[in-house]
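Taking it in order: structure first as structure tokens, then the write-up.
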Amino acid sequence: MTINQEYDRARDFTLPGGATLSRIGLGTMRLPLAEPAAAREVLRRAVESGVDHFDTAAFYFAGERSANALLREALHPYRERVFIAVKVGPQRTPDGAFTAPATAAELRGAVERNLRELGLERLDLVYLRIGAMSPDPGESPAERFAALAELRRAGLVGELGVSNVTAGQLAEARAVAPVAAVQNHFNLTRRADLALLAECRALGIAYVPFPPLAGGDPAVSPAVRRIAEAHGATVPRVLLAWLLALGPHVCPIPGTSSPAHLADNLAAADLELAPAELAELTG
Ligand SMILES: NC(=O)c1ccc[n+]([C@@H]2O[C@H](COP(=O)([O-])OP(=O)(O)OC[C@H]3O[C@@H](n4cnc5c(N)ncnc54)[C@H](OP(=O)(O)O)[C@@H]3O)[C@@H](O)[C@H]2O)c1
């Protein structure tokens, strides 16, 4: 599939329900692995730098350290405007092993756990992680998404999203309740989801690509390095600038525990790649 890439200078994206998030967010999955003081510092710096989109989950933890606890310690009482998105579905035992995904009946407990851990009364956005789950939850995505829609009606959740979905699963969820965001596996080294990314734009839905830097160790092509050098930029900055040019609804969530890397990633918003460079990267 081909897609016309162009830059939209908006730093924020407004979800269909009216809530706004910063297009460059911060993924917190790896923060529990960092030194806690450094992790908290990067979270505070992110807010100070205008990041208003934190991606977290109760199942992001390592031993005693969790992403939700770090967010709460660093940012609570959330005086600044802070948009927090949470994923539910996967479940882990305290020693870290993944168990069966949450059933529809268990999703309320998952949402309440995130509320408790974050010190919030309402989660801005909750994604149901649907695909690539083992063992199969034994219930349809629609049944499980309906449970989240009920929690939204109860006021515990602002917007609903889906993660790791096909176009068919997105349609199934949308038949149950409005979907505000899709979080799927997509980056320069993995572009198979381009059609769904384009569909989200047509629907006015945010598309949140993970992991946007291909996990930080991308087998990037010589072209990426050449383009980075030509702009005096880093490879991660080019990877993010390429994502941002895919549409104003694309909201990458790079993960970092380094203030310098955070600043580098945010600078991607000011890096404008030439149409020929975008075309070369997109292929
Ligand atoms: N929905 C899902 O199933 C799913 C699955 C996986 C991840 N996610 C989400 O996606 C987020 C991002 O994923 P990720 O953290 O695995 O991968 P990523 O954002 O692609 O890459 C993170 C890695 O890149 C490094 N890095 C970040 N900025 C850098 C820079 N400017 N220069 C050099 N290195 C840099 C980080 O190290 P430093 O700390 O040293 O900067 C870290 O090792 C996660 O936090 C999570 O929220 C979602």
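Order of listing sets the numbers, starting from 1, for every ligand and every atom in it. A quick note: this is a predicted structure, and the numbers were derived from the prediction, not measured. Any value given below was found using the heavy atoms of this structure, including those in side chains, with hydrogens, waters and symmetry copies removed.
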Heavy atom under 4.0 Å from ligand 1: found in P236's side chain, backbone, both, or neither? side chain
Side chain to side chain donor-acceptor pair (under 3.5 Å): pairs with one or both residues in residues 151-163, sequence neighbours excluded: E150-R153
Atom indices of ligand 1 within 4.0 angstrom of L213 heavy atoms, with elements: 18 (P), 20 (O), 21 (O), 26 (N), 27 (C), 28 (N), 29 (C)
Give the numbers and elements of all ligand 1 atoms closer than 4.0 Å to a heavy atom of P211. 13 (O), 14 (P), 16 (O), 17 (O), 18 (P), 20 (O)
Below 4.0 angstrom from a heavy atom of G215, which ligand 1 atoms are there? Numbered from 1 as shown, please. 17 (O), 18 (P), 20 (O), 21 (O), 23 (C)
Sort and list the pairs that fulfil salt bridge (charged side-chain N to carboxylate O under 4.0 Å, His left out) and have at least one residue in residues 165-188, not counting sequence neighbours. none
Is a side-chain donor or acceptor of R201 paired with a backbone partner of Y207 at a separation under 3.5 angstrom? no
Note: heavy atom closest to atom 48 (C) of ligand 1, options H185, Q183, H261, R237, belongs to Q183
Please work out, at 4.0 Å between heavy atoms, whether the side chain, the backbone, both, or neither of L262 comes within that distance of ligand 1. neither
Does N265 form a side-chain contact (heavy atoms from CB on, under 4.5 Å) with L213? I'd like the steps, not just the answer. CA-CA 10 Å; N265 296 340; L213 307 177; 4.3 Å; yes
How does Y127 reach ligand 1, by side chain, by backbone, by both or by neither, if only non-hydrogen atoms under 4.0 Å count? neither
For ligand 1, does T256 get within less than 4.0 Å through its side chain, its backbone, both, or neither, judged by non-hydrogen atoms? both
Test log, rule side chain to side chain donor-acceptor pair (under 3.5 Å), inputs D264 and T234: CA-CA 8 Å; D264 185 33; T234 60; 2.6 Å; yes
Ligand-residue contact atoms, ligand 1 with P254, heavy atoms, under 4.0 Å: 19 (O)
So does G232 get a backbone contact from the side chain of R237, meaning a donor-acceptor N/O pair under 3.5 Å? no
For ligand 1, which part of A214 has a heavy atom less than 4.0 Å away: the side chain, the backbone, both, or neither? backbone
Charged N to carboxylate O below 4.0 Å: is that the case for E229 and R225? no
Is there a donor-acceptor contact under 3.5 Å from the side chain of D52 to the main chain of S22? no
Among A263, G255, G216, which one has a heavy atom closest to atom 36 (C) of ligand 1? G255
If hydrogens are left out, which of S257, A34, S163 has an atom nearest to atom 39 (O) of ligand 1, that is, the closest non-hydrogen atom? S257
Per-atom filter on ligand 1: closer than 4.0 angstrom to a heavy atom of D55 are 9 (C), 46 (C), 47 (O)
Any idea which atoms of ligand 1 are less than 4.0 Å away from a heavy-atom of N164? 1 (N), 2 (C), 3 (O)
